[in-house]
Structure formats: structure tokens, C-alpha cells
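Here is how names work: the chains are called A, B, and so on, in the same order as the sequence lines, proteins then strands, and each is numbered from 1.
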Amino acid sequence: MTAHDWWIIAPELAAAGLAALLVIADLALRNKRILAELAVIGLAAPLFFSLNLWFGWYGDTTDPSALFGAITADRFALFFHFLLIGVSAAVILASTKYLERMPGLRGEFLALMLFSMSGMMMLVSAKELVAIYVSLELTALPVAALAAFHRGARSVEAGLKFLVLSAIASALLLYGMVYIYGFTGSTNLEIILQRLNEIPSQPDQPFGSYGVLLGVVLIVAGFAFKMAVVPWQMWVPDVYEGSPTPLAAFLSVASKAAAFAVIIRVLYAAFGSEPLTQDWSGLIAALAAVTMTVGNLLALSQKNIKRLLGYSTVSQAGYMLAGVAAVSANSGSAGFIAGPQGVLYYLMGYAFTNLAVFLSVIAITHRTGNELISGLNGMGRRSPVVAMLLTVGLLSLLGVPPTVGFMSKAFVFSAAVNSGLIWLAVIGVVNTAVSAYYYLRIVRAMYFEEPSSDEPIRADLRALAATGTAAAGVAVFGIGPWFLLKLAEESLTIL
Amino acid sequence: MFTGILTATVFLPAAAGAVIALAARSDQQVRWASIASSIVTFALSLIVFSGYYVDPDGVRFIDRFENWIPIPGLESQYLLGVDGLSAPFILLTGLLGMAAALASWRIRLRVREYYLWLLILTSAVMGVFASLDLLLFFIFFEFELIPMYMLISIWGTGRPRYSAMKFVLFTIFGGAFLLVAVLAVFISTGTFQMVALPSEAGSVIQGIPQRIAGADLIAPAALLFSFFLIAFAVKLPLWPLHNWLPDAHTDAPTAVSVMLAGVLLKMGGYGLLRINVGFFQETKGFTVHDAAGVLAVLAAVSTLYGAIVTIRQTDMKRLIAFSSVSHMGFVMLGISAIAGSGAAASGGLNGAAMQMFTHGTITGLAFLMVGLVYDRAHTRYIPHLGGLWRKIPAIGVFFLIAGFASLGLPGTSGFVSEIMVFLAAFEVWSFAAGFAAFGVVLAAGYVLWMVQRTFFGPGPAKGGMSATQYEALEDAHPFDMVPVLALSTAIFAVGIWPRLLTDVFRTGIEATIR
């Protein structure tokens, strides 16, 4: 490895190093209360190395590719580095109080989460199938352990469910990768694209051959697990319900963002030329339509807020997939918004939104211990600030203007309409209308229902800061979307 | 370009509401400061309207910030402006916003929040009429849901949460189609600008109506037209999408019913005029003229169905709510005259626009009066009432004025708009217009019958108020009369001198139908 390679993978190494450091600190330090603070401060290191790669302050970073082309630190990867680091910091900040309920395990919790984060950072940087597979495993295994953290029956069930399903999904992914490798003789995404255009193809078969089609379907299925796309959604509500809420927040945002990053990269880098795009666009569009509809319908009857939010993230994944499917025929040339740009903006906005929602839920439920929607009754009076932040987040999930959720949906659906998928946009917006019912039900519980007790709930200051920042992002980037859009645009120049 | 007066008119209520909610020390301060800010808003809207009335020409009072979303693919501007079509509705929103704030002075429950939401609602509705950027229009159009949901849920009566949720779901359902259509129109034309505007250099920047003419659209024009139609028909509301209206109107607090019937329904009609009529003039393959027959039938059904259901109502508020369905049918009938000759088309559209303005003032007044009756009698159940005239004659007089205007008595504004609609529609769709005319006859029936059963007769019927309660009824407080007088003035002013509005509307409509 050259010095250049070290600079390129420095963010991932720093993240993993931080996680290892936390394990040691947990053993060495007497005062374990500062572990969380240590973790948040420590995140400055991977952030610094990522910024360094973006701006090119130190070292030789002109060529973003490293380790013989397996890893790249292009703008696209860095965009997700920032997102992942920000999300992790917010989740850790907001869960310090929550972690106090598990005094012996604080260090492990943080370390496992950061290991998973370093896997995600690697995942978004990988542009070679084996590297993708390895980093995907690195993200999944710590999560399985974290899901079982409470050691109760539900928690263990959640962990086991995640582990088994994740293993099946990995197997499918690997199987698909083998097919692609068999047809193209390479695991490098760019070379795959080259070879696919070279090898003789049957024009009547999708992707030029049913074999490649099978490979693509299997790969998409493997990632679909991570994105929580139907039919891989069934683990979501159980895991969200059984695992510690901070983990659910982390999973719903960071894990999903990483999975979307890698599917965008694989589809656009390895299958991004003209006849191929049309082939997978239809597949993804169908997945999107089914996912948003099923997620929404299942969310309607939920009573547990974490299960409800679990199904809500499923339907949100459906909206995002609509953006992935929107490979517009005239993107670039006509200057219209490309689907992926909408997805990146959506993911950023969704990170703010879902963090605002989950962190508010953590702030309330870890005091009341009641995770039913009716447990939020009267929170508008008992905890007005948190209730307001939660409302802002829910309105953004629903997509009410002028929140960031509205802008995201507008961008994604406009990309869909632009690439001729007007039916998908219609299904999407009708689903949005349906989702009003269950999002507003939470608002209704907080503001219009009578609470069981009038005792005010005071939120922890650090948690409030993290939640407030997320909610402020929802409003600011909804009213003034240009900064995020520029960032997304710049990140996509490589595709 | 930035004159600032429209921006001030749109955002002053919400900004004032926020400042008041944070800074006011007592409920009393909240009340008076909110009322004062609504009066200032009305004054601003009056300045905008009279400024346009004096010199009705094109688009005026433009506030424009081009780089709101400068990204290729969603180039939306912050663009406010008024033309002949929107100027009267700006005035209407200012007027009813003021009336609603004044009429809420008896609210005692969570006063701070109440006025905050009411003022935000005024801002959102004002924004709908002032926006000339289609995305901005959509944003205001949807945003209005939040304050409305809160206002009905918290301060409503009856089954407020059910009604509020129903209102939200219906409107969001329509809004969903609106969003797709908005995006499709943008992608087809490359602009969100709803009208042509002069540029700094003196040339003309084409808006959607010019660019969409004859252009290849991303989806069939008929499909986009029907998407817009669904969205606005929910709001108007038009049969068979009217279902949310009676519940929401009945369960909302008085002032909110005034806003709901007075201006929120007009957002639907305004959208029909500006978008369904304005954009689909020369579209390829399908124009608004092709749909006029369907619109006429829908209008006739809406009018008759609404009127027949209205007669059967026993709750005063529900009765007025259902009469709105019937009266909004006239708006659609006027629009359907677009298929006719130049004079009939422009007359019909003008009538439709007039009907919206007059219905806003008339129904607003009717809801105010029902609210005053309910405050005193504590019931709106018609068979339990009776003989109110003897105890509360002042309320009775203005109730009668609202009723007469509603059934279209000459001298009131209701007469002017109905005659305009029917003159035009009869020429083009004589059958549908003939049927719809029965709606007017039935209106006389339900209005007079209600007045007779509630205000006249010997006294309250069995099961209603006791004799002591009846004797203790007090007539309106002078302060209650302020909004009542304001709306009555508008009704008579337009009834006696309709050119006040028709001249303004005409400039807007002529520019629209070209």
C-alpha cells in the first residue's frame, strides 16, 4: 500500500480505530459517563479525513481510486461519509440517557455502532463486487448483536431474525455477483460495464441475456434487504420494536442511506449504458410501487409507534426507489433533474426528518416506557418542545410543504415524471395521501387526547440539541433547498 | 422587481401571529393584537385591490426573487403578483380574515394558539391567490391544511377530529393529483411561471399558457386536465367529491367556517379558472372546450343534488354548508360556458368569478349569524327553535339579509352573479342551465323555510329552550356587529355597483381566454 492508499481509506480506518479505542477506554476508564462524549468528539477524526479528501488539503488525493481500484473516495462516497458521520453523532448524542439504562454495556454499544458505521463508509466507497460484499457483512454483523442488546425475548428474536435474514440476503447477493462475474470476467464495476457492451447480446432478452438478468435480480434482491424494500420488509417492524430505539434510528437512516448509495453506484456504474438502464428501470419502478403501497397499508393499523415508524420507513424507501428508477432519457442534455440527484437530496432530507422523529420518540419513550401511540397522549402539554419537534418531523415524512420532505418528494416524483414514469408518480402521491392518516394520528394523540398523567417530561439537553438540529434542518432545507441540491449535484458528477 | 406590498400582505398575518404568540402577556393582549394585525392585513389587501382597480392592466405589484430554487430540473421562483383574476380574491381574503378574527373575540380556549393558527391560515390562503409560480401556488395550497386541521380539531364542536381528518384526507388526495399534474406541466413547458411577464430588458418572458399551446406534453393533455380538475373539484367542492364539506363546516368553530366557506372553497374555483381554463386553451389534442359538456353536467348535478339535500337538513349550520355545494355548482356552470361564443364564454367566466366572491361574503355572513344564534340558543337544531325574531331582532335582520342574498334577491350581490352565470350558460348549455335553474328555486325554498322555522312563529318548540331561557335571550353585542356590518356592506356594494368587480375580473379573464 502506498501513502496515497492510506489517505484514501483514512476515514474508514479512523472510524474503525475510534470504535476499537472505545472498547479499550471502556475497560480503562472509571467514569463511563464520558464515553458517549468521547465517541462524538472522536467522530471529528473520520470527518476531518473525509473533508480532507473533498477539499484536498493534505496528501496526494487527486486520484480518488485506491487499493487497485477496489475503493474510491469520490464525491459520491464523501457525500455519504458526511451523512453517515452526522447521523451517528446525532444518534449517540441523543441516546446518552438511554444508554444509562444499560450501565455495563455502554462501551460495547457505541463500539459496535461505530464498527457498523465504518462498514457503511467502506460500502459507499467500494466499487468492486468483493469489496462491496465484505463491507456489507461488516455493517450487518454488529447490527445483529446490537439488536439483541436488551437480552429479552423480543430483543433476542429481533437479533436472530436480522441475522438469519441478513445471511439469506447476503447469499443471494453473492450468488448474483458470481453470475455477473461469470458473464463478464471481472468484479470491477467499470470493467463490467465495458464487457457487457462488448459481449454479444440477444436483443430480445433483457440485459442481452437471461443470465445477466438473473444476476442483476439477485443483486437487487440482496440490497433490497438493507433498503427494507418489499418483500424484504418483514424484519423491519420486529427489529425496530425489539431492539434499542437508538439502534432503530441508526438503522432507519444510516443503513438505508448506505444501501441506496451502493445500489445507485452498482446500477449506474456497472449497468449504466443506454439499453441496460431501461431494463432495470422497469424492475426498480415495480419494486418502488409495491414497496410504498405495502408499507403504507401495513402502517395504517399499527398501535406501537416503533412498528409504525418501521413500516413508514418501508414506504419511504419506496419513494426513494422511484427516484432510482427515474433514469431519464434526456438527463443531462436537457438539464432536467436526474433521478439520483433527487434520491441523494431525499436521503439527506430524510436523515434530518427521521432523526427528528426517532430522537423525539426516544426522548419521550425512555421516560414513559410506553411505546404505544396512546402513550404519546397529551404530550403537547407534557413536553411541548419535543412534541413540536416530533410534529415537524412527521409533517416532513408526510411531505407537507414547506418542509424538506415535500421538496424531496417533489424532486423524486418530478424525475419520475420526466423519465416517463407518470404512473409511478401517481401511485406515489396517492400513497402520500394515504400516509396522512397514520402520521396525523400521532399528531392527534399528542395534541388532542387526554394524557394519563400531567407530569411534565423534561428532555435531556444533549438529546434536545440533537433533535432540535435535525428539526431545524427539516425546516431550513425545505425552505432553501439549494445548498443540499448543489451538494448532491456535485456528488453525482462521477456517474 | 420587488415592490414588497404583496409579500407584506401575504406574510404579515403569520409573522404577526408568531410575534404575538411569543410576546403577548395575556389572552386579552393576544386578542386585540391579532385583531389589529388582521385589520392591517385587510387595509393592505384593500390597497392592492384599489391599486389594481384604478389601473387594471396585466400583472402588477410583482415581487420576484428568481433564484429560489435555481437548480436545473426544478427552477422555481418566488413570484408574487396580482392580475384581474386574483386581485378581488386578495381583497376577499383580507376582508374575511378580518371578519374571522373579529368574530373570534369570544374564544376562551387556548387563545394564543387559536389566533396563531387563524393568522397562519390567512397567510396561506393569501399566498395561494398571490402566487404566480405554480410550485409556490401548490405549496401554499397544501400548507393551508395544517392550520385548518388544528383549528377544526381543537376548537370544533360535534365530532371535530373525525371531520378534520376527513377534510385533510380528501384535500391531500386531491393535492396528490395536483402535484403530479404540476410537475408534468413543468417538465413539458420548462417553467413554473403561471403568466407572461415583462422582463427587465423589455421583452416578454413567456409563462405556461403561452408555452403549453401546441406543445408536446409529457402526458396526454386530457389526463393532466383531469388531474387538475380532481384537485380543484375536491376543494370547490363539486359532486361527487363534496363529502368532506358538510362535516368540516358544521364542526368547525364559527370563524373557521367563515374562512372555510368564504375563501378556502374559492381556492378551488380560482384554480379552475387560472389553470384548467387558463392553461388548456390551445393544448395539443385536448382543450378545455372539449370538457365543457362534462363540466356542465357535473355543475347541474351538483347544483340540484346540493339543493335537494339542503332542504332536508335540520341543523342550521349543516344547511348552510350544503347550500355551498349547490352554490359552487353555479361556479362550475359559469365555467362550462367556455365552449360558447366570445361574449358567452367571457360572461360565464366573469359570472363564475363573481359567484365565488359573492358566495364568500354571503356565506361568511350566514355562518356569522348562525354562530351568534348558537351562542345564545345553544342549539342549531331547527325544529327546536322558533320565535327568535321577537328576542333578537338585530341578528334576525342580518340573518335575513344573508338569506335573501343567498337566494339571489336583486340589489344584493347574489343576484348579479347568478344572472351572469345563467345568461351565459343558457346560451351554451341550455339543458344543463335549465336544470340548474331549479337550484335557484329550491334555494328560495330552503332559505325562507329555515328563516320561518327559526325566527318566526310563537316561540321555541317543545324540546328546545325553556321559557325562562327564551326570555333571557340577549341581542347581539355591538362588537359582534362589526364583522357583520363589514360583510353586509360588501354584499350591497357589489349588488348595487357590480362593475366594482366585473371590470377587474374582465381584464383577468380576457387575458386568460385570449
Considering all heavy atoms of both residues, which atom of B/F177 and which atom of A/V429 are nearest to each other, and what is their separation?
N-CG2, 4.4 Å
Kindly give the heavy-atom pair with the smallest separation between A/I422 and B/A219, and that separation in Å.
CD1-CB, 3.4 Å
Given side-chain contact (heavy atoms from CB on, under 4.5 Å), test A/V426 with B/F227 step by step and report yes or no.
CA-CA 10 Å; A/V426 172; B/F227 280 8; 3.6 Å; yes
Between B/L183 and A/A410, what is the shortest heavy-atom contact and its length?
CD1-O, 3.6 Å
How many angstroms lie between CD in B/E113 and OH in A/Y447, if you round to the nearest 0.5 Å?
8.0 Å
Which atoms of B/L179 approach chain A - backbone, side chain, both or neither, heavy atom under 4.5 Å
side chain
Can you name the closest pair of heavy atoms from A/P402 and B/I139 and give their distance?
CB-CG2, 4.5 Å
Heavy-atom contact with chain A under 4.5 Å, split by part of B/L135:
side chain
Please classify the contact between B/L178 and chain A as side chain, backbone, both or neither, with a heavy-atom cut-off of under 4.5 Å.
neither
Answer with side chain, backbone, both or neither: which region of A/V400 has an atom nearer than 4.5 Å to a non-hydrogen atom of chain B?
side chain
For atom OH of A/Y437, decide whether the heavy atoms of other residues, nucleotides or ligands shown that lie under 6.0 angstrom number more than 12.
no
Heavy atoms of A/S414 and B/I187 approach each other most closely as O-CD1, 2.9 Å
Got a second to check how far B/E142's CD is from A/T432's OG1, nearest 0.5 Å?
9.5 Å
May I ask you to check whether over 12 heavy atoms, not counting those of B/R108, lie within 6.0 Å of atom CZ?
yes
Looking at B/P160, B/A176, B/A164, B/A184, which makes the most heavy-atom pairs under 4.5 Å with chain A?
B/A176
Of all heavy-atom pairs linking B/V168 and A/L440, the shortest is CG1-CD1, 3.5 Å
Sort A/F406 into side chain, backbone, both or neither according to what part of it lies under 4.5 angstrom from a heavy atom of chain B.
side chain
Backbone of B/R161 reached by a side-chain donor or acceptor of A/R444 within 3.5 Å:
no
